[in-house]
Each structure stands twice: as C-alpha cells, then as structure tokens.
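All values below come from the heavy atoms of this structure, side chains included, with hydrogens, waters and symmetry mates left out.
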Amino acid sequence: MEKNSLKNSYDNFLSKVIVGIGEVSEMTKIPVRKLRYWEEKGIIKTVDPQSKSRQFDLANIKKIILIQELIDDGYSLDGASKKVEERISKIGSLMTLIEI
C-alpha cells in the first residue's frame with residue numbers, strides 16, 4: 001500500500017467515527033460544559049459547527065484526551081493545547097517520511 005494511501009485511509013477512518021458530546025464526556029470524564037468551552041475557544045472542533053448537536057470525530061477525541069492529560073500534569077489549557085498541536089504536527093511530518 002502506498003504511504004499516502006495509508007495516511008488517507010487512517011485520516012478517513014478517524015473522520016468517519018462520530019460521537020456525541022454526552023458520550024465524549026462519559027468516555028473522557030470531562031464535563032460537557034468544559035468541552036463546550038474548549039470548542040468556543042477553538043481548541044477542539046465539532047464535525048459540523050452549524051449543527052445544534054455537538055459531535056466529535058476520533059481525531060478530536062484523541063486531542064481532548066491528550067489535552068486533559070497535560071492539564072492534569074500541571075499545564076494551563078492554552079499550554080496543553082499548544083503542546084498537543086505541536087505533537088500532531090510532528091506526527092503528521094513523520095507520517096510523510098514513512099515508506100511502506
């Protein structure tokens with residue numbers, strides 16, 4: 001399988017699994033109110049910002065979990081968000097180097 005094809009398949013998978021905000025809150029133990037705040041700040045993104053129901057894809061759920069772990073370790077919300085974005089960027093860069 002070509003490396004771009006593998007990355008596209010992975011990205012496609014992450015975007016296909018959609019979970020409502022209540023379920024995300026249950027899974028992550030993060031209150032819905034906090035998730036809404038993070039969304040308002042632009043830290044996480046819902047699948048459809050125009051929709052009244054907030055739903056997240058797996059990529060954003062992973063991001064939520066990582067941010068909360070960093071906050072638990074003492075980072076501020078902004079610091080944790082920035083660190084997670086840096087990690088995501090590095091992983092994206094590494095994926096382009098992998099040849100299968």
Side-chain angles (χ1 to χ4, degrees):
M1 183 180 279
E2 186 179 315
K3 67 178 175 179
N4 285 336
S5 177
L6 179 64
K7 182 180 181 338
N8 289 341
S9 295
Y10 180 70
D11 290 345
N12 192 28
F13 171 74
L14 290 180
S15 68
K16 293 250 190 232
V17 179
I18 308 298
V19 181
I21 194 168
E23 290 83 5
V24 172
S25 176
E26 280 183 40
M27 291 181 341
T28 62
K29 306 293 186 234
I30 299 171
V32 169
R33 184 176 179 159
K34 185 184 278 191
L35 294 171
R36 287 184 178 143
Y37 176 71
W38 291 6
E39 181 199 7
E40 288 170 12
K41 286 194 68 153
I43 293 169
I44 57 175
K45 294 180 177 29
T46 58
V47 174
D48 180 4
Q50 304 304 317
S51 175
K52 289 186 180 184
S53 66
R54 290 178 170 92
Q55 297 178 321
F56 299 93
D57 59 16
L58 282 180
N60 271 282
I61 294 170
K62 285 173 50 176
K63 189 174 180 180
I64 290 165
I65 292 167
L66 291 172
I67 289 170
Q68 187 59 52
E69 286 177 354
L70 290 170
I71 289 171
D72 292 345
D73 287 345
Y75 283 81
S76 68
L77 175 58
D78 290 334
S81 175
K82 183 178 179 187
K83 190 160 190 75
V84 168
E85 287 299 328
E86 289 170 359
R87 286 182 184 174
I88 290 169
S89 177
K90 284 180 185 176
I91 290 169
S93 296
L94 288 174
M95 286 297 286
T96 61
L97 297 175
I98 296 173
E99 293 196 11
I100 295 180

#### Entry: Distance, nearest 0.5 Å, that separates NZ of K29 from CE of M27
10.0 Å
### Query
Would you say F56 and T46 make side-chain contact, with heavy atoms under 4.5 Å?
yes
### Task
Just jot down the side-chain contact (heavy atoms from CB on, under 4.5 Å) partners of E26, sequence neighbours excluded, or say none.
none
#### Entry: CD1 on I43 to CG on N60, rounded to 0.5 Å
11.5 Å
### Message
Does any part of the side chain of T28, heavy atoms only, come nearer than 4.5 Å to the side chain of K34, both counted from C-beta?
### Response
no
### Partners meeting side-chain contact (heavy atoms from CB on, under 4.5 Å) with S25 (sequence neighbours left out)
V32, L35
#### Entry: Residue list, side-chain contact (heavy atoms from CB on, under 4.5 Å) with I71, at least two apart or on another chain
W38, I67, Q68, L77, A80
### Query
Does the pair D48 and Q55 meet the rule for a side-chain contact (heavy atoms from CB on, under 4.5 Å), with working shown?
CA-CA 7 Å; D48 180 4; Q55 297 178 321; over 6 Å; no
### Task
Would you give the length of the straight line joining atom OG of S76 to atom CG of L70, rounded to the nearest 0.5 angstrom?
10.0 Å
### Task
Not counting sequence neighbours, which residues clear side chain to side chain donor-acceptor pair (under 3.5 Å) with D73? List them please.
none
### Query
In chain order, what residues pass the side chain to side chain donor-acceptor pair (under 3.5 Å) check against E85, with sequence neighbours excluded?
K63
### Message
Taking salt bridge (charged side-chain N to carboxylate O under 4.0 Å, His left out) as the definition, give me every residue that meets it alongside D78, ordered by chain and number, with sequence neighbours left out.
### Response
K41
### Query
How would you list, by chain and number, every residue that makes a side chain to side chain donor-acceptor pair (under 3.5 Å) with S53, sequence neighbours excluded?
S51
